[in-house]
Amino acid sequence: MPTSRRKLPRSFYARETLTVARELLGLHLVHKSIHGRQVGRIVEVEAYQGPQDLAAHSARGRTQRTEVMFGAPGHAYVYLIYGVWDCLNVVTAAHGTPHAVLVRALEPVEGIENTTHGPGLLCRALHVNRSLNGTDLTGNSLWIEMPAPAAYRQPKVQRATRIGVDYAGAWAKKPWRFFDGNSPYVSTVSTAARRRALQGSPVTG
DNA sequence: ATTTGGATCGGT
DNA sequence: CCGATCCAAATT
């Protein structure tokens, strides 16, 4: 099946955010740029469900930075964190519902030369930066697609709390991080979480 | 106009 | 644990 048939349509993103987050595991993120075609298998994501979710950037209302989160699903939300790293999200749910899923780790599939086991690292490796903020993920630059059948591996879906959101009170306890427990490419903290899970202290919720 | 602190990462 | 590094957003 040609690549275009495997590209996720907007209807994929226009659904309940936790469902989208879970189903993104195992799919391929593709970026075509002057650096060529780069592909990574998504192995870790986090759901952000503003404005109620105090961990979400959109919890503080519509601002210049979060404008894209309030727009149509199936677009990229890219922001700079700690003055150093870009982070890539996909906007989900209905237009006007400011939800997004943060892509936290990839397994290299094609054209990737640097490490991708963290949200900042994967953006650096795939040359994703704020110039791509607002990019339509149904277009021909940046998108997510089903792998070819021969390349697809079923993820072992595991859940845990989100990273770096301790300021968000009760929302910090939501198990809205999803990762492939079979993948050695999850971010460092998820590796620790997986170890805990395997030892029998699963996160609940 | 100034301050604050962050959806990270790598080194110690 | 801690510093890097800069910008969006809140505050004055």
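Letters A, B, ... are given to chains in the order of the sequence lines, protein chains preceding strands, and every chain is numbered from 1.
A stacked arrangement is assigned to A/Tyr48 and the six-membered base ring of B/dA7, with a centre-to-centre distance below 5.5 Å and an interplanar angle below 30°.
Scored by the side chain to side chain donor-acceptor pair (under 3.5 Å) test, A/Gln38 finds A/His127 as partners (sequence neighbours excluded). For the side-chain contact (heavy atoms from CB on, under 4.5 Å) test, residues two or more places apart in sequence or in another chain that qualify with A/Ala125 are A/Ile112, A/Asn114, A/Thr116. By the side-chain contact (heavy atoms from CB on, under 4.5 Å) test, A/Thr19 is found to be paired with A/Arg15, A/Glu16, A/Arg22, A/Glu23, residues two or more places apart in sequence or in another chain being considered. Residues satisfying the side chain to side chain donor-acceptor pair (under 3.5 Å) criterion with A/Thr63, sequence neighbours excluded, are A/Thr66. Scanning for side-chain contact (heavy atoms from CB on, under 4.5 Å) contacts around A/Ala56 gives A/Tyr48, A/Asp53, A/Ser58, with sequence neighbours left out. Residues satisfying the side chain to side chain donor-acceptor pair (under 3.5 Å) criterion with A/Ser131, sequence neighbours excluded, are A/Asn129.
For the pair A/Met69 CE and B/dA7 P, the interatomic distance rounds to 11 Å; values are reported in whole Å. To the nearest angstrom, P of B/dT8 lies 11 Å from CZ of A/Arg162. The nearest whole Å value for the distance from the CD atom in A/Glu44 to the P atom in B/dT8 is 10 Å. In this structure, the CG atom of A/Asn89 is 14 Å from the C1' atom of B/dT8, given to the nearest Å. Between the CG atom of A/Asp86 and the P atom of B/dG6 there is a distance of 19 Å, given to the nearest Å. We find that NE2 of A/His57 is positioned 4 Å from P of B/dA7, with the value rounded to whole Å. Remark: P of C/dC1 and CG of A/Asp166 are 11 Å apart, rounded to the nearest angstrom. Taking atom CG of residue A/Leu88 and atom C1' of nucleotide B/dT8, one finds them 15 Å apart after rounding to whole Å.
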Anything under 3.5 Å between a donor and an acceptor, one on a side chain of residues 80-94 of chain A, the other on a protein residue two or more places apart or in another chain? List them.
residue: A/Asp86; atom: OD1; partner: A/Arg130; partner atom: NE; Å: 3.4
residue: A/Asn89; atom: ND2; partner: A/Tyr77; partner atom: O; Å: 3.2
residue: A/Thr92; atom: OG1; partner: A/Thr17; partner atom: OG1; Å: 2.8

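Counting only residues at least two apart or on different chains, no salt bridge (charged side-chain N to carboxylate O under 4.0 Å, His left out) pair has a member in residues 68-82 of chain A. Residue pairs satisfying the salt bridge (charged side-chain N to carboxylate O under 4.0 Å, His left out) criterion with at least one member in residues 146-155 of chain A, sequence neighbours excluded, are listed as follows: A/Glu107-A/Arg153.
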How does DNA chain C read in dot-bracket, base by base from 5' to 3', with Watson-Crick or G-U pairs under 3.5 Å and | used when the partner is on another strand? ||||.||||||.
Apply salt bridge (Lys or Arg N to Asp or Glu O under 4.0 Å) to residues A/Arg104 and A/Glu46 and explain how you reach the verdict. CA-CA 7 Å; A/Arg104 289 192 55 91; A/Glu46 284 176 356; 3.6 Å; yes
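Within 3.5 Å, a donor on the side chain of A/Tyr79 pairs with an acceptor on the base of B/dA7, or the reverse.
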Show me the protein contacts with nucleotides 4-6 of chain C, counting only N or O atoms at under 3.5 Å.
residue: C/dT5; atom: O2; partner: A/Tyr82; partner atom: O; Å: 2.4

Taking only nitrogen or oxygen atoms into account, show me every contact under 3.5 Å that the protein makes with nucleotides 9-12 of chain C, one pair per line with its distance.
residue: C/dA9; atom: OP1; partner: A/Thr63; partner atom: OG1; Å: 2.1
residue: C/dA9; atom: OP1; partner: A/Arg65; partner atom: N; Å: 3.3
residue: C/dA9; atom: OP2; partner: A/Arg65; partner atom: N; Å: 3.4

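Rounded to whole Å, the P atom of C/dC1 lies 15 Å from the corresponding atom of B/dG6. Taking atom C1' on both C/dC2 and B/dG5, the two are 15 Å apart, rounded to the nearest angstrom.
Regarding contacts with the backbone of B/dT8, a side-chain N or O of A/Arg104 is found under 4.0 angstrom from either OP1 or OP2.
One hydrophobic cluster, built from ILVMFWY side chains closer than 4.5 Å, cannot hold both A/Val43 and A/Val103; they sit in different ones.
Although no hydrogens or angles enter the test, the distance criterion places a donor-acceptor pair under 3.5 Å between the side chain of A/Lys7 and the main chain of A/Gly139.
Place A/Leu102 and A/Thr115 on DNA chain B by their nearest nucleotides, and A/Leu102 ends up nearer the 5' end.
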